[in-house]
Amino acid sequence: MPKGVPPSVFNSFAALIPSAIVMLIFFIIRILFEFTPYENAFDFVYKVLQAPLMAVGDSLGAEIIYVLLSSVFWFFGINGPSVTNTVYSPMHMSLSVENVKAFQQGLSLPHIYTQQFVDMFETFGGGGSTLSLVILMVTVCKSQRIKQLGKLSLVPGIFGINEPIIFGLPIVLNPIMIIPFIGVPLMNTILSSIAFKTGFLPYTNGVNLPWTTPIGFSGFLVTGSIKASIFQLILLALGCLVYYPFIKTLDKNYLKDESSENTKDESEDISFDDISIDDL
Amino acid sequence: MKVLMVFDQIQAGMGGKERAGAELPLGGKRGPIGAVPMLEPHLKKLDEEVIACLYCGDGYFKEHEEEVVKKMAAMAKKLRPDVVICGPAYNYKGFARMCALVAYEINKKTDIPAIAAMSEENVDTISKYKNSVNIVKMPKKGGTGLNESLYKICLLAKKVADKEDITELKKEICY
């Protein structure tokens, strides 16, 4: 860059180089795919990933892979379900449709792992089942950062929105929170699966309820049983137990940061309190 | 050479044009904040160092004009810099007025020299204060020739601090 170019302009040009490399690499990958029998990356994903998963379809194993991948993607800052649903959504939806058809004809419901199972029994308050986490943030945490964020996130959390926590706490690339963030949805999926398999809960009727429907209501609406609502609340409480040690650790770290920040700020601040204009 | 800066909320890096930012009350920080890194290469070349930055939201200033001006001047006296730079104010009208008023007050009430910098869009402020305050010409936000004008601000600051003759320079770079 010639001399006198402002740093911000220079930096934007510097960013062009990595993006050009990325584009080149993916262009080459694209061309390479054309030489394979799959012809493009989409067909490759379909044939290698989606088709086998559809085959195992209605099973706990497939569901665990789905939940696991969704959480892991979130950990890297990628909207997990947006990615996994490209593969899984057709499967979940078709199982829902089969259930709703059976429900309308008064037959026994065939499938457990429907879209409703995904939306209403795997996670509460968004990916990672963070509604449990928000409750802890508001009730037991002491650092200002976590408390304030908890208050902000509580209402969206009830409706399944948790981006403030994912990026604000943050969950993204946070080695402490990754364990419960992956663990709680897995626990929910396995326990719900057991509850349905043992007949404790009636299968979901396949009615397509918005995924934002709050916990408690949603369980009742998709199964017609009040037991499902209570079961959801039990899972929520269990989630709190799992999240507790981890958020407390994070809380302690943030408290330490906050107290050291405060002392630093005081020394740097210039106080106008003792300034008298008569000094002039 | 010790420099004291006077910023609004935007140049201090403490807020934007919205109400919450504009209401930032009078305050200050020791050491460089906000827009200082942009001036840093020129400051270094001229052996100047920012010892502190005072700041005030333009909305807050509008409501408490006299108090802010007097307190900033009193604080400048207390901190004892060699020179005070008020700005760069670009075409921000409220901030430009604050720069002119604060520089005027410091020049009048203390023995510390103070200068201001703003773009030609601030017609009223410039015509009112150009004879009593050294106001360095600079482009509006996003205008061309910013880097050059930043150097000129620092250069004038050095010359006034060293009590050099600035008549020629003033003709060239000030309003």
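Chain A is the first sequence line, chain B the second, and so forth, proteins listed ahead of strands; every chain is numbered from 1.
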What part of [X] gets closer than 4.5 Å to chain A, counting heavy atoms only: side chain, backbone, both or neither?
| X | value |
| --- | --- |
| B:K71 | both |
| B:E148 | neither |
| B:L54 | side chain |
| B:L79 | side chain |

Of the non-hydrogen atoms in A:I270 and B:M75, which two are nearest, and what is the gap between them? CG2-CE, 3.2 Å

Considering only heavy atoms and a distance below 4.5 Å, find which of B:G27, B:G31, B:P25, B:A73 pairs most often with chain A. B:G27

Is the number of heavy atoms from other residues, nucleotides or ligands within 6.0 Å of [atom1] ([X]) greater than 12?
| X | atom1 | result |
| --- | --- | --- |
| B:E164 | CD | yes |
| A:F75 | CZ | yes |
| B:K62 | NZ | no |
| A:F217 | CZ | no |

Which pairs would a plain distance check flag for residues 234-245 of chain A, meaning a side-chain donor or acceptor within less than 3.5 Å of a matching protein atom at least two apart in sequence or in another chain?
from	atom 1	to	atom 2	distance (Å)
A:Y243	OH	A:G128	O	2.6

